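In this chain, numbering begins with 1 at the start of the sequence shown. The model shown is predicted, which means the values in this text are computed figures rather than measured ones. Just so you know, ligand 1 is whichever comes first in the structure, and atom 1 is the first atom listed for that ligand.
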Amino acid sequence: MAAGVLLFVGVNLACLAVSGNLVSGARSFSIDYKNNCFLKDEKPFRYISGSIHYSRIPRYYWKDRLVKMYMTGLNAIQVYVPWNFHEATQGVHNFTGDRDLEHFLDLANQTGLLVILRPGPYICAEWEMGGLPAWLLQKPNIILRSADTDYLQAVSNWLAVLLPKMKPWLYVNGGNIITVQVENEYGSYYACDYNYMRHLRTLFRFLLGEDTVLFTTDGNTDKEMTCGALEGLYATVDFGTDTNITEAFKRQRRFEPRGPLVNSEFYTGWLDHWGDPHAVVNAQKVSRVLGEMLTMGANVNMYMFEGGTNFGYWNGADHDTRFRSVVTSYDYDAPLSEAGDPTEKLLAIRDVIKQFREIPSGPMPPATPKFAYGFVTLKKVGDISSLLNTLSPLGPVKCHHPLTFEEIKQYYGYMLYRTTLPRDLSEPTPLISPLNGVHDRAYVSVNGVFQGLLQRDTVLVMNVTGRQGDTVDILVENMGRVNFGSKINDNKGILSNLILGKDVLTDWMIYPLDLDGAITRGWPHSDSHKSFPGHQKQPSVGPVFYMGTLQPNGLARDTFLKLNEWTKGQVWINGMNLGRYWPARGPQQTLYIPGPLLSTTLPNNITVLELEGAPAHLRALFMDRPQFSATAEKS
Ligand SMILES: *[C@@H]1O[C@H](CO)[C@@H](O)[C@H](O)[C@H]1NC(C)=O
Ligand SMILES: *[C@@H]1O[C@H](CO)[C@@H](O)[C@H](O)[C@H]1NC(C)=O
Ligand SMILES: *[C@@H]1O[C@H](CO)[C@@H](O)[C@H](O)[C@H]1NC(C)=O
Ligand SMILES: *[C@@H]1O[C@H](CO)[C@@H](O)[C@H](O)[C@H]1NC(C)=O
Ligand SMILES: *[C@@H]1O[C@H](CO)[C@@H](O)[C@H](O)[C@H]1NC(C)=O
């Protein structure tokens, strides 16, 4: 086997050395099975690529990141298309602003970068529900990523919108898309449904044309390759620095005896979950293994090259032994930082690439300037229960038993469940989530007084006291849907009855909360002349809103927000949802604020929803550098 690989390596180097014998001016992109490489315009071609997710970077910084990738010597980028980012409501598509995929492709094309497109429909990506829209869960027991008829119908409708938009961007049609991935690591999914993959193959062929190079990517085991690969889709592998690359490519060879070697996801770093240590991958190791793969003639995509940020509610989660949600930053310890700055790792990678292809001359663009704006004092607006008129314009849905987020059709963020105490509870009485049905965190108060919280998988009981008829408010947080594995049917809210002492809690008023709508319209700053109800009396525990302003100083620079000694919550600036903070849990300690969000002339409006407890000193700090971990700074 090893000899076979060695022989093959020789052939592949020959392939890369062949000079072109281009006969016509026609654009083409294909696989050369004879010489084990790609052919671009009939000439041998190898890509050195990096992953970048437009959905994790504000539009105004797309070009900056792409130029830095180009200047590193990459000739391609790899791009996921998150379905739920474009079709958050069934049948309503958004391809504008930060969701303008074609503008992103255009910028990449202008920069001189080819594109490896990964349109899913499932993408994983540590993104909410792996990119699948949560409205799919309205059908109970839908089998996602299978030939389930409702799932297939939704997929077909979506691809019939997306792929015709992509078709003009195919390389053969004058664009920059050279290859298109079908599904994503499908072999890791329990269903292993070939009918589903065949259906996708038919759709992709029909909508993009017979000649497009379609491929699959799977983890580096025989089982994954067996369920993920399908005839007519070129099988590629993914692996990181700890894998034996000879072994890994040998496995690809078992499924593709001929054709280019491809590592579709070479891990330059790794993601963080709340409560886990900050992940780092050594730069020397990354550059050494990259060099080894390039020496073998392989095509490599670095995942990630630029990670970006899980703004708003877009982070995903894993569920192996327990639910673990992905942090807001998707810095990934990647060669370009979350804020798009070149790192030592990038320079080491560029030095390796230089040995294999000519890299653009000229300096690497510098880091975007940062600014430490310092401290801002915040003040209390009020607790969530007293603000429902503003935050829940639709008002409550009444139901005997609790309904899920999906049933209410509010897919992301927070909802409030209200009922009353069925009897006097003078002694602490257990409130139990017997079937572990709180997805994912519930903040419980009685008559506006915070009593504690329930948490999926880990905190299934808490104590409550109060009098019969007292109002029980349970704010439930969706912490991001599972993006990988067999538990991706991840409904949110209160999924099964809660029990208080010996009573099942019933007769709920369920308030969908449009926090983002209210804040986008200027609340609470636009109301700040009014006095907020009961704001003096309320204690600073439980879910409470705070506001403050960062005075403009003529600079709109990137900055990092630190909510030191705050516990857990969500924060917005000038209407933009920056994501979740949870310094008490870590590792992430600061939130990235892109400079162009800030006004140079108007007061910058900060809104904080603290879910558990604010510090005595209500203030936020704007720093000029990120802090990814409470224990150690990024090296
Ligand atoms: C589409 O998405 C953009 C970018 O996030 C947003 O600004 C815009 O309001 C959205 N359009 C609609 C109609 O929701
Ligand atoms: C992509 O860029 C090339 C070269 O700059 C240009 O000729 C081509 O028209 C562009 N394609 C599209 C679809 O804009
Ligand atoms: C990788 O595996 C091959 C056998 O396929 C072995 O010869 C080689 O020593 C291994 N390399 C490393 C670095 O362990
Ligand atoms: C609830 O209260 C009882 C009685 O005070 C106490 O023994 C028990 O530990 C408490 N349980 C929780 C989960 O706090
Ligand atoms: C902040 O809110 C105030 C009050 O509504 C408003 O006048 C101001 O324009 C807002 N600032 C920005 C940058 O939008």
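Aromatic ring pairs are classed by plane angle as parallel below 30°, tilted from 30° to 60° and perpendicular above 60°; the pair Y267 and Y303 is perpendicular.
Close approach of ligand 5 to S526 (heavy-atom distance below 4.0 Å) involves ligand atoms 5 (O). Listed by atom number, the atoms of ligand 5 under 4.0 Å from S599 heavy atoms are 13 (C). The atoms of ligand 5 that sit less than 4.0 Å from any heavy atom of N574 are 12 (C), 13 (C). Each of the following atoms of ligand 3 lies closer than 4.0 Å to a heavy atom of K250: 5 (O).
Residues Y411 and N84 have side chains that never bring a donor and an acceptor to within less than 3.5 angstrom of each other. Inspection of the Y61 and D558 side chains reveals an N or O donor paired with an N or O acceptor under 3.5 Å. One side chain, Q153 or N157, offers a donor N or O that lies under 3.5 Å from an acceptor on the other. A donor and an acceptor atom, one from each side chain of Y80 and N184, are located under 3.5 Å apart.
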Any protein N or O within less than 3.5 Å of an N or O in ligand 1? List each pair with its distance, or say none.
from	atom 1	to	atom 2	distance (Å)
ligand 1	2 (O)	N94	OD1	3.3
ligand 1	2 (O)	N94	ND2	2.3
ligand 1	2 (O)	R99	NH1	3.3
ligand 1	5 (O)	R99	NH1	2.4
ligand 1	11 (N)	N94	ND2	2.8

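Between F249 and F239, the ring center distance clears the sub-6.0 Å criterion.
Residue N604 places no N or O, backbone or side chain, under 3.5 Å from any N or O of ligand 5. Polar contact with ligand 5: absent for L602 (N/O pair, distance under 3.5 Å). Residue-to-ligand polar distances place N244 within reach of ligand 3: an N/O pair is separated by less than 3.5 Å.
Under 4.0 Å is where a charged nitrogen must lie from a carboxylate oxygen, and between K68 and E306 no such pair does. Salt bridge status for E265 with R118: present, with a side-chain N to carboxylate O gap under 4.0 Å. Between D333 and K345 there is a salt bridge, since a side-chain N of the basic residue sits under 4.0 Å from a carboxylate O of the acidic one.
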